[in-house]
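The structure under discussion appears below in the form of structure tokens.
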Amino acid sequence: MIKEKKILVMLVAIAMLGSAILLSGCVEEKKENKIIVGTSADFPPFEYTDASGNIIGFDIELITTILENLNYTVEVKDISFISLIPSLQADKIDVIAAGMTINETREEEIDFSDPYYQADQSVLIKKGSGVEINASHDLENFTASIANLTIGAQTGTTGADWVQEHLINTNMMDEENLKLYEIYIDAVADLDIGTERLDAIVLDLDVAQAFAENENREVAYTIITGENYGFGVKEGNTALVEKINAELEKFIGSDDWTALINKYFE
Ligand code: ARG
């Protein structure tokens, strides 16, 4: 009897040890399957934080769905926009999901997924601030009307590039009248204070519209730039890009896609 009990105890111990080894194997595997998504959560409705501090938004939900379909566990990290590409290159993050426009300069540094969203730039102002913009669709009249303004933009964005190219490089505007902000929240706060701080912000149209849901702000102009957003991965990580593209192709146009658009753009 006692002998049998001892054997039983030993068997149980062996079984427990075995499952512990199996479990630790699982944990290891999970770690390997984890993807860190970097974003700059100041860009509603693409990426922003809810009242409890969770990072949410169109990009976040889209990339999370895609990566989970590919059996990855996803962690989202909030990083300033300008640090996203260096973080990817330093393997601190695996994917960029930040409403990032695919362009030549960036394509020299990282690889992009296929485009998932089309965007233009715009000018956001404070209502009643007296800032007047020539909204005629003649680029020359329009640029002349904003050249004397103090304009804000996020560091390293295509909005900042647009001001640099069309206003500063053309000698229409003083370089010091372009104020660069690390996060949009700070630019919008300055806009809200008034023209003693900032007259206008040049930023992506959908995001300007989201900020203009506050009745004190308005979108004064759309600058057609025809940009495309893509997800960024480390240069040469072709395997991951191809997997993301295959999922994107399945997802775009599906019912879930429509639901996602309606959730964030209505
Ligand atoms: N589309 C613009 C760009 O690529 C702005 C992106 C800003 N994104 C953000 N999450 N703050 O430069």
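Heads up: numbering here begins at 1 and tracks the sequence. Both counts, for ligands and for their atoms, begin at 1 and track the order of listing.
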Going through the checks in order, is the ring-ring contact (aromatic ring centres under 6.0 Å, His included) test met by Phe251 and Tyr116?
-> CA-CA 10 Å; Phe251 195 73; Tyr116 64 87; over 10 Å; no

CA sep, side-chain torsions, deciding dist, call: Lys127, Arg217, side chain to side chain contact (heavy atoms under 4.5 Å, CB included) = CA-CA 5 Å; Lys127 259 190 204 162; Arg217 311 178 193 128; over 6 Å; no

Salt bridge (charged side-chain N to carboxylate O under 4.0 Å, His left out) between Glu247 and Lys250, intermediate numbers included = CA-CA 5 Å; Glu247 288 299 316; Lys250 276 193 263 169; 3.0 Å; yes

Given Lys234 and Asp94, is the salt bridge (charged side-chain N to carboxylate O under 4.0 Å, His left out) satisfied, shown in steps?
-> CA-CA 7 Å; Lys234 198 177 184 184; Asp94 307 296; over 6 Å; no

Would you check, one step at a time, whether the test side chain to side chain contact (heavy atoms under 4.5 Å, CB included) holds for Gln154 with Tyr181?
-> CA-CA 5 Å; Gln154 184 176 40; Tyr181 295 85; 5.6 Å; no

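By the 30° and 60° cut-offs, the orientation of the rings of Tyr117 relative to Phe265 is parallel. In this pair, Tyr229 and Phe43 present their aromatic rings tilted. The plane angle is within the 30 to 60° band.
Considering backbone and side-chain atoms alike, Tyr184 places every N or O at 3.5 Å or more from each N or O of ligand 1. An N or O contact shorter than 3.5 Å is missing between Thr157 and ligand 1 by distance. Considering both main-chain and side-chain atoms, Gly159 never comes within under 3.5 Å of ligand 1 through any nitrogen or oxygen pair. At a 3.5 angstrom cut-off on N or O pairs, Gln154 counts as close to ligand 1. Annotation: Phe81 places no N or O atom under 3.5 Å from an N or O atom of ligand 1; distance criterion only.
For atom 8 (N) of ligand 1, the nearest protein heavy atom (residue, atom name, distance) is Ala98 O, 2.8 Å. The nearest protein atom to atom 2 (C) of ligand 1, hydrogens excluded, is given as Thr158 OG1, 3.3 Å; this is a heavy-atom distance. The single protein non-hydrogen atom nearest to atom 6 (C) of ligand 1 is Gly99 O, 3.4 Å, given as residue, atom name and distance.
Considering CD1 of Ile110 and CD1 of Ile85, their distance stands at 4.0 Å, rounded to 0.5 Å.
Criterion: ILVMFWY side-chain heavy atoms under 4.5 Å apart, direct or through other members. Under it, Val233 and Leu248 are part of a common hydrophobic cluster.
Hydrophobic cluster membership of Phe142, counting Ile, Leu, Val, Met, Phe, Trp and Tyr whose side-chain heavy atoms lie under 4.5 Å apart directly or via other members: Val123, Ile125, Val131, Ile133, Leu139, Ile146, Leu149, Ile151, Trp162, Val163, Leu167, Ile168, Met172, Met173, Leu178, Leu180, Val202, Tyr221, Ile223.
Near Tyr229, with a cut-off below 4.0 Å to any heavy atom, the atoms of ligand 1 are 1 (N). Listed by number with element, the atoms of ligand 1 under 4.0 angstrom from any heavy atom of Met100 are 4 (O). In summary, the atoms of ligand 1 found under 4.0 Å from a heavy atom of Glu47, numbered by their order in the structure, are 10 (N). Heavy-atom proximity to Thr101, at under 4.0 Å, picks out these atoms of ligand 1: 1 (N), 2 (C), 3 (C), 4 (O).
Contacts of Gln121 with ligand 1, taken as heavy-atom pairs under 4.0 Å, are absent altogether. Contacts with ligand 1 closer than 4.0 Å are made by side-chain heavy atoms of Asp42 only, the backbone lying farther away. Only the side chain of Asp204 comes within 4.0 Å of ligand 1, counting heavy atoms alone; its backbone N, CA, C and O stay farther away.
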